[in-house]
Amino acid sequence: MKKFNSNWIGLFILVAAWSYAAVRFAAISRDIAAEKDPEEGKKVVRVLHWQLEPGYRDGMNAVIEDYNNLPRVKANRVEVRQMAVTERVYAQFLNVHLISGTAPDIVAKGMSRLLGSGTALTRYFEPISSYVNEPNPYNQPEYLPEDLRPELKEFLSTASWNETFTDGMRGGWEDSAQDYFAVPVSSWGAMRTFVNLDLAADVKAFLRESWAMDPQPEWVTWIVEDEGVLTPNRTFLDWLEGPDVPDTLGRFLLFNEAVLAYADAHNLDELVPISASSYFTGTMIGEYTVPLTANMARGLDLNHDSNVSGRELLATWQAGMWDFDNPHLKNAYFDLVTWLKRYYPAGFLGLDREQAMRRFLSEQAVFITTGGWDASTLFRGAEDKFGIEVIAAPIPGPGERWFQYSAGLPNEAEHRLGVPLAVNKESPNIDWALDFLRYISSYSPNQKLNQIAGWVPSVVGARPVEQMMAFLPRTEGLKGSIRMGFVNLPTVRTVYGGQFPLYQTGDLDYEAFVTKLEEGFRQPRTGVNRMWVEEFMAARDRARQNERARVINRVRADLRGWDEKQFTKQANLLEQSLNNLDGFVVKAEFHQLFPDRDYPTLD
Amino acid sequence: MKSHPSLPIRVFRLAIPALVPLLFPMACSRDAGLVDADQVLEQARREMLSFRVTEARKILEAGAAAFPEDSEERGDYLYLLALSCWHTQPADANLVRRADGLLVETATENPEADYAPAAWLYAGRIRDIRDFSGDIPDYEGAREAYRQVMERYPDSLEAAEATAHHAVTFMKDTDDPESMARGAKLLEAWLAEHPEHEYGSSMALFLANVYDQFLPDTAKALQYYQHAYRLGFVNETRTGARLWRMAELARIENQPRDAVTYCQRIIRDYARSGRGHEAIEMLKDIRRAHPDLEFTIPELQLFDIVADDEEDEA
């Protein structure tokens, strides 16, 4: 008997899958065609985003419903619909639909690496610079509340659309393409620390009692006298007597020590001071990068652009302009890392964001640090259970340990708004998509969206819900980009990322940690040398991308005439090209630091 | 013994080419059938403007018959074809070389055409930058092309761009400590002759950066920053950071009045740069150091999110 050829099974599956896909494709195409047809169906404008946090979709739905009920929108049989996709698959979902030409009309820009460069954005999204200089029609007086302050009313109705955003619409600007591509409609605000007020009050009472004991418990004398985290002066004693939560770093650490003692005294095995996790904002140390390292980082900004980049950090280390013995690092920043770790739950690096939130909401932690995107979850979860106060990370006060290193908190004036909604170039409803974006980014709808969502509005003058006021950007303090930003190191990022958790968990002491880091930095093929090679390559690639953008801008201008916008764009791109020296700016930096050395290679 | 593929494999091999037109009917028909020259150029330009450069090139190549040697549009066609060859992704060595040849050919044959200066400029850029892996720049060839623009079309915008890139070709020789200064001198000479040029601000800013970072000369750096500032910075999003650097340089150069001006502008107009608070602190510092200098310290007003009712309550 002839043996059955198993390849037939594969062929059968292939044909079956293709047939199924073809039928689905035809069915969906027919539906889409029906939606586009004004005679038979509606013009459906879909909005795709990944904001699945509680409240956000409700806020978006409310605004969409208002928009769909506008007489003009109804008359034109337009309907906006929301599509929310989890961030776990958002990038793949978006990539597939952008490439296949079936992406929704409006898309939250982000997540996808496909959209990493300005030219890629230009390929898929409609540039909107030509619209942003006009006032937003939905900010005209008839759309604004009657009791709004006259000067705000005047501003909103006359200012250009981009000026009505609290970040000047920078959240939608793409520097490499010199164009606006998105309308940011919300802000999650800044990073803050949430305090369980009920637990904090109990611990404060416990601390007060412990402090009054004679003799004081060992943990009090250890942290105050042996470790010198604070000076028990008059202001400290006033704070101790009052109801306030910790407002300086010394008091914060003492308070955390009190939480441990309180948990011990009351057999609360699960209670920890800080709910930490492996989530990118899961530990508090990120809040101390600027306060404890900004004074050290001044002078490392080689190109004076108000930012110490990862490359500058490594290059200046290689040039001996700083080392890990610097007291800002050894005695302050990395010292604080180990202090904070005392107050995290055991095995915190194995915990994820949800577990950390659950711990805080089940009253097993007094503090948690996160961004405003988690605020509504935390506020709703704590409702009827305990009170919450939101504070900025406490920094060292006068007379406290690390005060001499402190530069204060950074300002957050450079904040970028979030949820940047871009218009798909292939959309058959570009005008309506833009109209909806104008609507959702106008004063009243934007306030409504963000109040329901529990986020911070993006429009000047719009008010967040009371509990989000603490997330408004801080305008005082140093510029936040002058710091030792180790998490931004290029090339050797994995070296730092691999060793830092070991240091954080105590598996490596500081000397061993630094030795491992420096060994990694010095590796000829994977260390700082490789960084120079890769940075040079990346800068040259940017030169080509810039050239591409300039060529196409010139083609556009030749076709439609040179107007001021085209000219400014061209001048901007030329400026970028020159300052990048076609990529050789990296080499020039190297030879400035090491005039007698050959440029590194990987040969 | 040579083995033959089994029947299912043979069916599969036959099926795939048959399915492709069914699956991608648009892709198969896109490049075919365009014979009108204007139509070809228009469609190719449309693709170019959407950064679909490869598609533009395919349209141009498929429509080559519409542009015989004596046709009026042949120059435009070759120019556009050259640009699309150059910027096809991923870059291809043969296409890039072809682009260079086409640009020189069309610029030489049509010296009066609008695109001629740009064609020479781009021929220079192709030789100057790295387009693909293993591409070795030809700086001498690039300078030659730039000189064509500068000499033949001295009043064009492209001549200014060519001058800047010509200067940068010298600066790229970073092993030579004199190269940066040599390039800077060339640009300085041009800026002295064209102080109010449309690209003057960008050129001056570039010189300011060069003198600030690579040829440490704070006086010259400040001078060129001020030149750019007078003409108006082109990139608004970076103006705050530039004003801050100008204020620092003005203090180094003992020009406190200028430092005051720059700080005041940061606070009033560019507080979103993140330097607003520090600008206030610098102004206080200047006031302490120069008590005779009269000036006001503006208030930082950034986020107008205070509610009406709160203000009323206050």
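In what follows, chains carry the letters A, B, and so on, assigned in the order in which the sequence lines appear, proteins first and then strands, with residues in each chain numbered from 1. These numbers were taken from a predicted model, which means no experiment stands behind them.
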A.B. asks: Does atom CZ (B:F132) have a neighbourhood of more than 12 heavy atoms from anything else shown, all under 6.0 Å?
C.D. replies: yes
A.B. asks: Against B:S202, only a single residue in A:E575, A:Q570, A:Q576 fulfils side-chain hydrogen bond (donor to acceptor under 3.5 Å, both in side chains); can you say which?
C.D. replies: A:E575
A.B. asks: B:Y122 versus chain A, heavy atoms under 4.5 Å apart: side chain, backbone, both or neither?
C.D. replies: side chain
A.B. asks: With a 4.0 Å cut-off on N to O distance, would you call A:D582 and B:R130 a salt bridge?
C.D. replies: no
A.B. asks: Can you label the angle between the B:Y139 ring and the A:F584 ring as parallel, tilted or perpendicular, going by 30° and 60°?
C.D. replies: perpendicular
A.B. asks: Relative to chain A, which segment of B:A118 carries a heavy atom at a distance below 4.5 Å: side chain, backbone, both, or neither?
C.D. replies: side chain
A.B. asks: Among B:R238, B:M180, B:E236, which residue forms the greatest number of heavy-atom pairs with chain A at distances under 4.5 Å?
C.D. replies: B:R238
A.B. asks: Mind checking whether A:V551 and B:W86 have side chains closer than 4.5 Å, heavy atoms only?
C.D. replies: yes
A.B. asks: Taking side chain as C-beta onward, heavy atoms only, is B:L49 less than 4.5 Å from A:R560?
C.D. replies: yes
A.B. asks: For the OG1 atom of B:T237 and the CG atom of A:N572, what is their distance to the nearest 0.5 Å?
C.D. replies: 7.0 Å
A.B. asks: Would B:L157 and A:F567 count as a side chain to side chain contact (heavy atoms under 4.5 Å, CB included) if you check the C-alpha gap in whole Å, the side-chain angles of each, and the deciding distance to 0.1 Å?
C.D. replies: CA-CA 10 Å; B:L157 272 181; A:F567 182 78; 3.7 Å; yes
A.B. asks: Roughly how far, to the nearest 0.5 Å, is the CG atom of A:D596 from the CG atom of B:D175?
C.D. replies: 11.0 Å
A.B. asks: To check you understand the geometry: which heavy-atom pair defines the closest contact between A:L578 and B:F206, and what is its length?
C.D. replies: O-CE1, 3.1 Å
A.B. asks: Would you mind checking which part of B:L121 comes under 4.5 Å of any heavy atom in chain A, side chain (CB onward), backbone (N, CA, C, O), both or neither?
C.D. replies: side chain
A.B. asks: Using non-hydrogen atoms only, which part of A:L573 is less than 4.5 Å away from chain B: side chain, backbone, both, or neither?
C.D. replies: neither
A.B. asks: To check you understand the geometry: which heavy-atom pair defines the closest contact between A:R548 and B:H87, and what is its length?
C.D. replies: NH2-O, 2.6 Å
A.B. asks: Could you look at A:F125 and say if it's the side chain, the backbone, both or neither that has a heavy atom under 4.5 Å from chain B?
C.D. replies: neither
A.B. asks: Checking A:D541 against chain B: side chain, backbone, both or neither under 4.5 Å from a heavy atom?
C.D. replies: side chain
A.B. asks: Using 0.5 Å steps for rounding, measure from the CG atom of A:N579 to the CG atom of B:L205.
C.D. replies: 6.0 Å
A.B. asks: Of the backbone (N, CA, C, O) and the side chain (C-beta and beyond), which part of B:N209 lies under 4.5 Å from a heavy atom of chain A, both, or neither?
C.D. replies: side chain
A.B. asks: If we define contacts as heavy-atom pairs under 4.5 Å, which of A:E476, A:E547, A:M537 has the most with chain B?
C.D. replies: A:E547
A.B. asks: Hey, is CG on B:D176 packed in by over 12 heavy atoms from elsewhere, all under 6.0 Å?
C.D. replies: yes
A.B. asks: Quick one: closest heavy-atom pair of A:R123 and B:F51, and the distance?
C.D. replies: NH1-O, 3.9 Å
A.B. asks: Sort out for me which of A:L302, A:V15, A:T568, A:V585 touches chain B most, counting heavy-atom pairs under 4.5 Å.
C.D. replies: A:L302
A.B. asks: What is the minimum heavy-atom distance between B:R125 and A:S577, and which atoms define it?
C.D. replies: NH2-OG, 3.7 Å
A.B. asks: Do you know which of A:K569, A:R550, A:Q178 has the most heavy-atom pairs with chain B at a distance under 4.5 angstrom?
C.D. replies: A:R550
A.B. asks: When rounded to the nearest 0.5 angstrom, what distance separates CD in B:E158 from CZ in A:R554?
C.D. replies: 4.0 Å
A.B. asks: Considering only NZ, NE, NH1 and NH2 on the basic side and carboxylate oxygens on the acidic side, decide whether A:R298 and B:E248 come within less than 4.0 Å.
C.D. replies: no
A.B. asks: Between B:Y115 and chain A, with a heavy-atom cut-off of 4.5 Å, which part of the residue counts as in contact: side chain, backbone, both or neither?
C.D. replies: neither
A.B. asks: Chain B heavy atoms under 4.5 Å from A:D558: which part of the residue, side chain, backbone, both or neither?
C.D. replies: side chain
A.B. asks: Of the non-hydrogen atoms in B:A271 and A:A413, which two are nearest, and what is the gap between them?
C.D. replies: O-CB, 3.4 Å
A.B. asks: Given heavy-atom pairs under 4.5 angstrom as the criterion, report whether the side chain, backbone, both or neither of A:R556 touches chain B.
C.D. replies: both
A.B. asks: Please tell me if the side chains of A:R540 and B:D135 come closer than 4.5 Å, counting only heavy atoms from C-beta onward.
C.D. replies: no
A.B. asks: Between the side chain of A:K479 and the main-chain N/O of B:S273, is any donor-acceptor distance below 3.5 Å?
C.D. replies: yes
A.B. asks: What part of B:E198 is in contact with chain A, defined as an atom under 4.5 angstrom from a non-hydrogen atom: side chain, backbone, both or neither?
C.D. replies: both
A.B. asks: Between B:D114, B:I280, B:V168, B:V210, which shows the greatest number of heavy-atom pairs under 4.5 Å with chain A?
C.D. replies: B:V168
A.B. asks: Less than 4.5 Å apart, any side-chain heavy atom of B:E278 and any of A:L478?
C.D. replies: yes
A.B. asks: What's the separation between atom OG1 in A:T475 and atom CG in B:L300, rounded to the nearest 0.5 Å?
C.D. replies: 5.0 Å
A.B. asks: In terms of heavy-atom pairs under 4.5 Å, which option from A:K587, A:R544, A:H591 contacts chain B the most?
C.D. replies: A:R544
A.B. asks: Looking only at heavy atoms and a cut-off of under 4.5 Å, which of B:A241, B:G276, B:A167 has the most pairs with chain A?
C.D. replies: B:A241
A.B. asks: Keeping A:N411 on the side-chain end and B:G274 on the backbone end, is there a donor-acceptor pair under 3.5 Å?
C.D. replies: yes
A.B. asks: Is a salt bridge present between A:E163 and B:R272, judged by a nitrogen-to-oxygen distance below 4.0 Å?
C.D. replies: yes
A.B. asks: Between the side chain of B:E161 and the main-chain N/O of A:L574, is any donor-acceptor distance below 3.5 Å?
C.D. replies: no
A.B. asks: Where does A:D175 contact chain B at under 4.5 Å (heavy atoms): side chain, backbone, both or neither?
C.D. replies: side chain
